[in-house]
Amino acid sequence: MYVCGPTVYNLIHIGNARPMIVFDTVRRYFEYKGYDVNYVSNFTDVDDKIIGKANEEGVDSSVISERYIKECQKDMESLNVEPATTHPRATQEIDGMIEMIQTLIDKGFAYVAEDGTVYYSTRKFGDYGKLSHKDLDNMRSGFRQIAVTGADQKEDPLDFVLWKPKKEGEPYWDSPWCKGRPGWHIECSVMSKHYLGEQIDIHAGGEDLIFPHHENEIAQSEAANGKPFAKYWMHNAFLNIDGVKMAKSAGNFFTVRDILEQYDPQVLRYFMLSSHYRSPLNFSKELMDLRAHRQLR
């Protein structure tokens, strides 16, 4: 199993906790049935948000990622989420990313722009969109009507970044194309291949990752490896707060730590498992109190 993990720039919120708890339970069930489960869940430890937080504090981005990986692990332990077989970090897999990107270039699925940015050519992958079932012609029309960073370099509006040049104050690595860092999507393709091989049984994550992240993972992995990427996909639905999408701007944003100040961690775990994983889950104080009461009984 490969489960997309958090980007570590802050404490994890209760939306992050849902896939952690759900797929930990799936893993435990398979183990209970006698399967040997190789469970991989990554930490994205290089990202615009991590870099932004580091610049705010005047520290290296690795300081931010290390801090919040440790805090995430504390919260997972509180929620009785077993550690993964492997928790790879994106920054430790850069060589593999460069190798896969070069493979995609060599096979004609990617191209290099003048500034050293490497793009994946979606039009070259005939099955692009097969997971999300999106109409690519309509999507292309929509993309042409909005401003897209670097769009003038792209052969197609839906092409996405595999490698991008460094900016002032950002971490970077040497590559054949420029000093820079990987795009987000290539990270999971490489980490899953490294620890699970070219084909995996189950790939999981939140439903918000279906497009573009998981769609792009399929395109990259299948183009590079020449075989189907994942046999089964599992996506948990969103967690809402009092019927409204959680957002800092809405004032309804809660970290796991916020909730554990009021409730036992197992109440939160029980709550997360009280609804089918593909069904939206509504979080409220009243519902949490109900779960707490039932658990006490």
Side-chain angles (χ1 to χ4, degrees), residues 1-29 39 41-44 47-49 68 71-72 75-76 78-81 84 129-135 138-139 142 160 184-185 187-188 202-218 230 232-263 265-292:
M1 293 180 66
Y2 186 91
V3 180
C4 288
T7 300
V8 283
Y9 67 97
N10 209 333
L11 297 174
I12 61 170
H13 54 72
I14 55 174
N16 299 135
R18 189 177 192 191
M20 291 179 180
I21 292 169
V22 165
F23 299 120
D24 173 68
T25 305
V26 173
R27 170 201 190 168
R28 288 171 183 266
Y29 177 74
Y39 188 94
S41 185
N42 70 296
F43 289 116
T44 295
D47 177 85
D48 290 341
K49 291 179 180 178
Y68 289 111
E71 296 303 323
C72 177
D75 287 340
M76 292 170 67
S78 295
L79 295 170
N80 197 25
V81 172
K130 65 181 179 179
L131 179 68
S132 58
H133 305 294
K134 290 183 177 290
D135 186 308
N138 288 341
M139 290 174 59
F160 58 90
W184 175 38
H185 310 299
E187 296 175 4
C188 287
I202 300 172
H203 197 315
E207 67 178 4
D208 56 314
L209 300 179
I210 295 173
F211 186 88
H213 186 51
H214 289 166
E215 196 72 72
N216 291 350
E217 278 190 67
I218 291 171
Y232 299 97
W233 291 87
M234 299 182 71
H235 294 102
N236 65 275
F238 288 117
L239 177 76
N240 296 319
I241 309 295
D242 294 318
V244 179
K245 183 178 179 181
M246 185 172 64
K248 288 183 179 178
S249 59
N252 65 350
F253 183 91
F254 299 106
T255 67
V256 168
R257 300 281 173 89
D258 293 331
I259 303 304
L260 297 191
E261 288 178 0
Q262 304 175 56
Y263 299 98
Q266 293 312 300
V267 173
L268 180 58
R269 183 178 177 102
Y270 177 46
F271 172 80
M272 292 291 187
L273 296 172
S274 64
S275 177
H276 192 284
Y277 78 96
R278 290 201 307 269
S279 298
L281 182 60
N282 188 49
F283 182 95
S284 70
K285 185 178 186 305
E286 291 74 20
L287 290 171
M288 282 292 288
D289 287 343
L290 179 61
R291 297 298 186 275

Side chain to side chain donor-acceptor pair (under 3.5 Å), paired with His235, selected from His203, Arg278, His214: His214
Nearest-0.5 Å distance, CG of residue Asn282 to CZ of residue Phe271: 7.0 Å
Minimum heavy-atom distance Tyr39-Asp24, with the two atoms named: OH-N, 3.8 Å
Nearest heavy-atom neighbours spanning Ala84 and Arg27: CA-NH1, 3.8 Å
Close side-chain approach of Arg28 and Asn80, heavy atoms under 4.5 Å: yes
N/O donor-acceptor pair under 3.5 Å between Glu215 side chain and Lys130 backbone: yes
Under 3.5 Å donor-acceptor, Asp75 side chain and Cys72 backbone: no
Nearest heavy-atom neighbours spanning Leu79 and Arg269: O-NH1, 3.0 Å
Asn216 side-chain N/O to His213 backbone N/O, donor-acceptor pair under 3.5 Å: no
Residues in side-chain hydrogen bond (donor to acceptor under 3.5 Å, both in side chains) contact with Tyr68, at least two apart in sequence or another chain: none
Partners passing side-chain hydrogen bond (donor to acceptor under 3.5 Å, both in side chains) against Ser284 (at least two apart in sequence or in another chain): none
Side chain to side chain, Val256 and Leu11, heavy atoms closer than 4.5 Å: no
Contact check, side chains of Asn240 and Leu281, non-hydrogen atoms, under 4.5 Å: no
Distance (rounded to the nearest 0.5 Å) between Ile14 CD1 and Ile259 CD1: 5.0 Å
Rounded distance (nearest 0.5 Å) linking atom OG1 of Thr7 with atom CD1 of Ile12: 12.5 Å
Interatomic spacing from CG in Asn236 to NE2 in His276 - rounded to 0.5 Å: 11.5 Å
Note, Met234 side chain near Val26 side chain (heavy atom, < 4.5 Å): yes
Side-chain donor or acceptor of Ser279 paired with backbone N/O of Ser275 under 3.5 Å: no
Asn252 side chain vs Lys245 backbone, donor-acceptor pair below 3.5 Å: yes
Minimum heavy-atom distance Asn42-Cys4, with the two atoms named: OD1-CA, 3.5 Å
Check ion pair Arg257-Glu71 (N to O, under 4.0 angstrom): yes
Thr44 versus Asp47, closest heavy-atom pair with distance: CG2-CB, 4.3 Å
Residues in side-chain hydrogen bond (donor to acceptor under 3.5 Å, both in side chains) contact with Asp48, at least two apart in sequence or another chain: Arg181
Gap separating the CD1 atom of Ile241 from the CZ atom of Phe283, nearest 0.5 angstrom: 6.0 Å
Ser41 side-chain N/O to Val3 backbone N/O, donor-acceptor pair under 3.5 Å: yes
Mutual orientation of the aromatic rings belonging to Phe160 and His185 [parallel < 30°, tilted 30-60°, perpendicular > 60°]: perpendicular
Gln266 versus Ser78, closest heavy-atom pair with distance: NE2-O, 3.7 Å
Straight-line distance of Phe253 CZ to His13 NE2, nearest 0.5 Å: 5.0 Å
Short side-chain donor-acceptor distance under 3.5 Å, Asp289 and Tyr263: yes
